[in-house]
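I have placed the structure first, in the form of structure tokens, so that the comments after it can refer back to it.
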Amino acid sequence: MANYNPEEIEPKWQNYWRENKFYHAKDPAEAGEAEKFFALVEFPYPSGEGLHVGHCRSYSAMDAIVRKRRMEGWNVLYPIGWDAFGLPAENFAIKTGIHPSVSTQKNIDNFKRQLKRLGLSFDWEREINTTDPKYYKWTQWIFLQLFKKDMAYQSKVPVNWCPKCLIGLANEEVIGGKCERCGEQVVRKELKQWMFRITRYADRLIEDLEKLDYLEKIKIQQKEWIGRSEGTEAVFKIDGTEESLKIFTTRIDTIFGVTALVLAPEHNLVSILENNISNLEEVKKYIEKVREKTEFERVNLEKERTGIKLEGVWAVNPISGDKIEIWLGDYVIGSYGGGAVMMVPAHDRRDYDFAQKYGLAIKEVVKGGEISKEAFTDYGVLTNSEGFSGMASKEAIEKLQELLKEKEMGGISIQYKLRDWIFSRQHYWGEPIPIIHCEKCGVVPVPEEQLPVELPFVEKYQPTKTGESPLAAIDEWVNVKCPKCGGPAKRETDTMPNWAGSNWYYMRYCDPQNDQTLGSLEKLKYWLPVDWYNGGMEHTTLHLLYSRFIYKFLFDIGVAPSLEPYQKRTSQGMVLSYDGQKMSKSRGNVINPDDIIKEYGADTLRVYELFMGPFDQAISWNIQGVKGVRRFLDKVYNLVLERLPNEESGKQAQRLIHQLNRRVSQNIETMKFNTAISGFMEFINFAADNKEEIGREVLERMILLLSPFAPHLAEELWQKTGSRESVFQQKWPIFDPALAQEQKINLIIQVNGKMRDKIEADPEISEEEAKAAALASPKVQNWLNNKEPKKIIFVKGRLINIVI
RNA sequence: GCGGGCGUGGCGAAAUUGGCAAACGCGCAGGACUUAGGAUCCUGUGGGUCUCCCUUGCGGGUUCAACUCCCGCCGCCCGCACCA
């Protein structure tokens with residue numbers, strides 16, 4: 001028996017496919033009638049560790065989908081590239097002195113070799129690299145457009161500062177108070193940063209989700225992250241001054257229960273009212289103490305809320321006119337809802353605790369709870385609320401909003417958890433921000449014709465201790481003439497974060513060589529939006545949300561051709577190591593795809609990763625499972641070689657192959673790869689027991705069906721059928737319902753809903769016949785025990801149930 | 001605390017969406033070939049008091065029929081988390 005030898009056949013067919021350009025995506029001019037299909041997978045960060053088996057899972061899955069789609073006649077774009085700016089390359093440079101571009105290129109070469117060895121059907125003609133100046137020219141161009149539309153601005157903000165990486169982090173990059181990359185405790189530091197006004201797009205980012213085919217949990221997570229909240233704004237005048245204070249609440253119906261206002265410690269009212277606050281010294285000390293704590297520490301000291309009363313100042317309740325105290329409290333978040341809340345101890349848990357700790361009054365204004373014991377936070381009927389007493393909460397909210405509006409003291413207000421996006425990094429290995437600071441003209445954008453602003457070559461990559469980027473140390477790069485006035489000016493030395501290049505990379509695939517625009521409108525219009533985007537859940541609130549925002553902005557300025565970038569989004573489950581842990585160098589449990597390919601072949605690796613479990617679920621690596629898949633492929637190979645000369649196929653084999661055809665076609669589209677593959681195994685098991693049934697026609701169909709999963713093996717076997725064409729030049733087989741139809745079924749006979757017997761029957765068997773057959777069964781007779789059936793349920797083609 | 005998901009053999013899981021629970025794979029046991037087996041092939045494999053009964057985290061309900069739908073618990077995983 002001949003031997004299936006992937007090490008020999010896989011490279012052979014990879015070369016053949018490359019030479020024949022089977023994966024070439026046709027631009028609109030050459031596409032003809034074919035419908036386009038843009039399939040996207042997240043482009044990898046080319047780390048020194050090489051390709052992760054998790055990459056393989058996502059890429060193999062999408063590869064199966066696009067291979068099928070091509071065979072169905074779609075014009076498929078399945079591209080790949082490199083998200084190559086980032087901290088590890090820079091850290092590596094600091095350690096070794098090797099320039100990031102050098103190590104990055106080396107890593108890319110390695111990744112590329114690995115991806116090609118997997119036989120993935122990427123169109124390599126469209127490969128992109130975010131660190132290529134020809135690419136990041138357009139990343140910078142997008143920044144300039146944002147700047148011109150006042151969507152990018154500078155602001156001194158407290159940033160999450162990682163003392164180890166010496167870098168400012170976005171909120172999203174801080175996990176549990178620690179730096180996402182190095183795990184160091186993050187501290188607060190005030191830095192002037194570039195910001196994007198993503199908050200202006202908050203509503204659209206929520207609303208437009210409706211039109212998209214994303215997994216529901218992705219939509220929910222994005223909505224939650226944006227955190228839209230409808231409530232009321234109310235203005236409290238500061239007694240005896242011209243000053244006032246805006247607060248945000250979702251429970252304006254409790255306004256008669258307000259016993260104080262509480263401000264975030266960083267609220268600017270303190271400095272405004274300095275002269276009125278009699279305990280200023282103490283207050284300042286308190287603010288200082290809180291400032292030292294990071295937001296994370298503040299959050300985690302939940303049980304120990306602290307605060308201080310501002311002595312000598314009073315606020316006036318805009319509805320009741322009552323004079324109330326003003327406090328600072330560390331439980332109030334400075335960046336949300338104006339950093340001020342009205343404290344209603346009776347109807348808010350936090351306020352209740354705070355009031356108890358500091359002896360503030362607790363006044364019940366909504367009936368229904370026992371406020372001597374705990375806060376009552378439900379809606380209810382108002383009490384102790386002057387004219388509003390007896391009114392339901394919801395109604396009171398509406399009335400009070402109207403009243404505040406009339407008095408010009410507030411009204412309906414909408415708040416978001418989403419903050420503007422900090423877009424500066426104090427690092428070398430990123431896209432330079434194309435801005436020049438002129439002493440006379442201020443902030444001046446680099447003229448578009450001067451793009452790209454190339455990263456200069458440096459000797460030292462160390463971040464400076466001051467928080468400036470290493471670029472700040474290169475005088476000849478920093479010092480430039482102002483493009484406006486020609487006077488002395490300095491370049492912006494901050495670079496862009498990791499997300500900058502990945503925000504829009506999929507657009508570049510549509511027209512990767514264009515040096516006039518980011519992409520020609522014709523090509524963008526043709527390919528976009530992406531039809532199907534698969535990637536990791538961990539990117540839901542980072543990359544996925546931000547790239548939607550950037551795309552919407554580009555749509556607004558006429559560059560992007562649609563409202564949304566990705567029509568469909570799915571996610572693969574994580575591939576864990578054999579110990580159920582995340583793979584990591586330090587744990588020493590990393591599975592290297594090279595090793596698997598070497599020992600078992602790329603097809604085995606691909607099929608295993610799709611067979612190992614439901615695609616969207618995290619799953620542990622199991623080398624025994626890999627071996628099982630290899631055994632299966634061996635069986636396929638040997639069966640085809642043995643039975644191919646046989647012209648005739650049996651009826652049952654035909655039926656099974658058409659059933660398999662139906663199942664595989666469906667399962668690929670719904671990403672139920674594991675059951676598709678088990679279907680092949682069932683068929684192979686049948687074939688092994690019924691060899692005489694298996695002939696050429698059935699085998700050819702099986703090879704076609706298998707080709708998206710095990711492309712090399714399928715090609716090898718297809719060529720053995722005598723075909724002079726590639727398996728991927730064939731049409732995707734359509735199953736014949738008539739042939740797939742079972743000729744005989746097992747009719748289940750139940751008595752009282754329990755299976756007692758089964759008989760072979762025609763699928764079209766009538767109720768009468770089924771009943772007769774059922775009652776004729778000795779087993780049924782035994783169970784009937786001479787009793788009369790009360791009722792008979794007949795499900796055509798399936799079962800008959802006799803109820804007694 | 002809030003939001004989402006999940007719970008089926010020794011393990012990964014499947015179940016045509018309410019109709020034979022455990023397909024397929026792994027593991028395990030026995031056998032064949034073999035100097036050898038950690039290669040390959042064959043047979044068996046949910047449990048029991050085994051013609052029958054029990055079994056999909058636990059308890060209840062709807063139904064002729066429930067892994068699937070409803071109610072109440074328990075447990076696990078993921079995301080967010082003092083968002084007023």
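Each chain gets a letter, A, B and so on, in the order the sequences are listed, and its residues count up from 1. All values below come from the heavy atoms of this structure, side chains included, with hydrogens, waters and symmetry mates left out.
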(request) Mind running ring pair (Phe, Tyr, Trp, His ring centres under 6.0 Å) on W621(A) and Y608(A) for me, showing each step along the way? (result) CA-CA 10 Å; W621(A) 192 264; Y608(A) 170 65; 5.0 Å; yes

(message) Checking contacts here: which listed nucleotide (C54(B), A84(B), G4(B)) is nearest the side-chain heavy atoms of K754(A)?
(response) C54(B)

Under 3.5 Å, which donor-acceptor pairs link side chains of residues 248-258 of chain A to any protein atom two or more places apart or in another chain?
from: T249(A); atom 1: OG1; to: R251(A); atom 2: N; distance (Å): 2.9
from: R251(A); atom 1: NE; to: D253(A); atom 2: OD1; distance (Å): 3.0
from: R251(A); atom 1: NE; to: D253(A); atom 2: OD2; distance (Å): 3.4
from: R251(A); atom 1: NH1; to: T377(A); atom 2: O; distance (Å): 2.9
from: R251(A); atom 1: NH2; to: D253(A); atom 2: OD2; distance (Å): 3.0
from: R251(A); atom 1: NH2; to: D378(A); atom 2: O; distance (Å): 3.4
from: D253(A); atom 1: OD2; to: S393(A); atom 2: OG; distance (Å): 2.9
from: T254(A); atom 1: OG1; to: R251(A); atom 2: O; distance (Å): 2.7

(request) Report yes or no: is the cationic atom of R662(A) (NZ for Lys, CZ for Arg) closer than 6.0 Å to the six-membered ring centre of F735(A), at no more than 45° off its axis? (result) yes

(message) Run the side chain to side chain donor-acceptor pair (under 3.5 Å) test against T259(A) and tell me which residues pass, sequence neighbours left out.
(response) none

(request) Could you give the distance separating U62(B) and C69(B) at their C1' atoms, to the nearest angstrom? (result) 8 Å

(request) Mind telling me if U17(B) is syn or anti? Syn here is a glycosidic angle within 90° of 0. (result) syn

(message) Can you build the contact string for nucleotides 14-27 of chain B? Use B for base contact, S for sugar-phosphate-only contact, and - for no protein heavy atom under 4.0 Å.
(response) S-BB-BB--BBSSS

(message) Output the rounded distance in Å from NZ (K417(A)) to P (C80(B)).
(response) 11 Å

(request) Report the distance from atom NZ of K582(A) to atom P of C78(B), rounded to the nearest whole Å. (result) 10 Å

(message) Measure CD1/I255(A) against P/A84(B) and give the value in whole Å, please.
(response) 16 Å

(request) Please list, chain by chain and in numerical order, all residues satisfying side chain to side chain donor-acceptor pair (under 3.5 Å) with D203(A), sequence neighbours excluded. (result) R228(A), Y416(A)

(message) Is there a side-chain contact between R349(A) and the phosphate of A81(B), meaning an N or O under 4.0 Å from OP1 or OP2?
(response) no

(message) Whether K217(A) contacts G5(B) is assessed here as follows: a side-chain N or O lying under 4.0 Å from the phosphate OP1 or OP2. Is that the case?
(response) no

(message) Whether the Q572(A) and N534(A) side chains hold a donor-acceptor pair (N or O, under 3.5 Å, no angle test) is what I'd like checked.
(response) yes

(message) Dot-bracket for RNA chain B, please. Rules: Watson-Crick or G-U, both distances under 3.5 Å, ( ) within the strand, [ ] when a pair crosses earlier ones, | for another strand, . otherwise.
(response) (((((((..(((......[....)))((((((.......))))))(((...)))..(((((..]....))))))))))))....

(message) Distance check needed: C64(B) C1' versus K796(A) NZ, whole Å only.
(response) 20 Å

(request) Could you encode protein contacts along nucleotides 66-71 of chain B as a string, one character per nucleotide from 5' to 3', using B for base contact, S for sugar-phosphate-only contact and - for no contact, with a heavy-atom cut-off of under 4.0 Å? (result) ------

(request) Please confirm whether K394(A) makes a cation-pi placement over Y379(A), using NZ or CZ under 6.0 Å from the six-membered ring centre and within 45° of the ring normal. (result) yes

(request) Please state how far atom CZ in F248(A) lies from atom P in C82(B), giving the value in whole angstrom units. (result) 16 Å

(message) Does R305(A) qualify as a cation-pi partner of Y331(A), given the criterion of NZ or CZ under 6.0 Å from the six-membered ring centre and within 45 degrees of its axis?
(response) yes

(request) Considering only atom C1', compute the distance from C82(B) to C77(B) and round it to an integer number of Å. (result) 25 Å

